Amino acid sequence: MAYRFVAAVVACGTASLALAQDRAPDGRQYLSQPLVKSIYTADPSAHVFDGKIYVYPSHDVPTETPDDDLGNQYAMHDYRVLRMDKIGAPVTVGPVALDVKQVPWASQQMWAPDAAYKNGTYYLYFPARDKTKDKNGLGKFMVGVATSKSPMGPFKADPKPIAGAFSMDPAVFTDTDGKSYLYFGGIWGGQLQRWKDGKFDPSGSDTDLGKDDQPALTGKVARLNADMKSLAETPHDAVILDEAGKPVLGGDHDKRFFEASWMFKRGGQYYYTYSTGDTHFLNYATGTNPYGPFTYRGHFLLPVQGWTTHHSIIETGGKWWLFYADTQLSGKNHLRNVKVTELNFNADGTIKTIDPLVK
Ligand code: FUB
């Protein structure tokens with residue numbers, strides 16, 4: 001199948017051009033179009049602050065580093081915030097909101113961030129490698145926090161990572177009672193498999209493979225203190241149970257947690273959502289509280305074009321929306337673009353599965 005390309009002229013300070021494909025390599029059409037074409041973006045964490053929609057994405061950058069299972073090709077070094085008045089409105093791309101050079105503890109790879117608001121302050125949560133060296137000569141992923149009086153930044157980073165948090169992909173959920181929770185963790189390049197009892201093994205495994213009959217590794221969840229910058233407790237396992245009430249096993253790659261935690265609440269149910277990584281699904285599991293356990297319910301996004309899949313879900317304008325990313329603009333795994341599409345529920349609260357590529 002031949003690729004068909006359309007040239008998309010892009011305005012971005014010093015104007016740049018992006019080549020957008022109008023069909024995927026297998027001929028299917030994209031369900032939705034990139035939100036911005038002037039920069040590459042991924043891992044969109046969307047929020048409604050003061051009536052406007054803000055998206056906190058990773059800011060993908062070109063690199064010569066080849067793709068590997070550690071994710072070295074994801075060489076991002078800063079964050080830029082996207083803003084829109086409502087879904088479908090023009091999107092403003094903010095200036096640099098935080099650069100790795102401004103984070104005293106971090107060395108590289110500013111991966112998937114999230115944000116929260118409380119009492120006049122905006123909080124940016126972000127993962128990055130620290131300045132230590134593991135068996136691969138790379139730092140360990142930790143989770144940091146930075147603050148600003150504006151949702152667009154610039155943000156000022158705390159001098160140290162959040163004590164007790166580790167690995168990557170932070171996501172903050174604030175419950176209807178005002179308590180906030182930090183979800184985090186990701187396996188393989190995110191190194192979660194190397195953290196046992198809160199201690200990091202710099203020579204530990206690079207994957208979760210070879211433990212098919214054991215309960216899968218889980219994302220982590222801990223309540224945040226009122227300062228929104230520190231954990232109120234030792235992180236808990238966000239356990240996902242299968243239909244029989246048993247923990248999902250490590251060998252079940254279609255179901256098991258890989259990365260990209262996102263929590264939302266609807267109709268009194270807690271929806272824990274996540275990526276399966278190497279099988280490229282976005283899954284959900286439901287529970288009765290923010291800690292779980294959560295019962296596996298299924299896929300809600302089928303594989304996108306590109307290796308990674310990472311998302312957020314918000315309710316605004318009376319509808320639910322899924323923010324996700326694919327590689328439509330570049331055709332390269334590490335140069336992604338964020339998108340949005342409506343998310344629909346069945347009467348019983350299950351989510352209607354979305355195919356991001358349509359015939
Ligand atoms: O963007 C870098 C990493 O890829 C994210 O942290 C993961 O969730 C995956 O999307």
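Just follow the structure's listing: the first ligand is 1, and inside any ligand the first atom is 1. Please read all numbers here as calculations on a predicted model, not as lab measurements.
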Here the salt bridge (charged side-chain N to carboxylate O under 4.0 Å, His left out) pairs for residues 307-325, sequence neighbours left out, are Lys319-Glu342

Would you please indicate yes or no on a ring centroid separation below 6.0 angstrom for Phe184 and Phe166?
yes

Query raised in the report: Taking the six-membered ring for Trp, is the centroid-to-centroid distance between Tyr56 and Phe126 below 6.0 Å?
Result: no

Atom 1 (O) of ligand 1: closest protein heavy atom, distance to 0.1 Å, is Asp43 OD2, 2.5 Å

So for Ala112 against ligand 1, with non-hydrogen atoms under 4.0 Å, the contacting part is both

Ring geometry between Trp188 and Phe258 (parallel below 30°, tilted from 30 to 60°, perpendicular above 60°): perpendicular

Looking at Gln109, Gln73, His310, the heavy atom closest to atom 8 (O) of ligand 1 belongs to His310

the protein heavy atom lying closest to atom 6 (O) of ligand 1 turns out to be Asp169 OD1, 2.5 Å

Grouping ILVMFWY residues whenever side-chain heavy atoms fall under 4.5 Å, the cluster of Leu138 otherwise contains Leu70

Test side-chain hydrogen bond (donor to acceptor under 3.5 Å, both in side chains), reference Asp208, set Gln193, Arg256, Gln214, output is Arg256

Counting from 1 in the order shown, the ligand 1 atoms closer than 4.0 Å to a non-hydrogen atom of Met168 are 6 (O)

Checking heavy-atom distances from atom 7 (C) of ligand 1 to each of Glu259, Met76, His59, the winner is Glu259

If you scan protein heavy atoms around atom 4 (O) of ligand 1, the nearest is Arg336 NH1, 3.5 Å

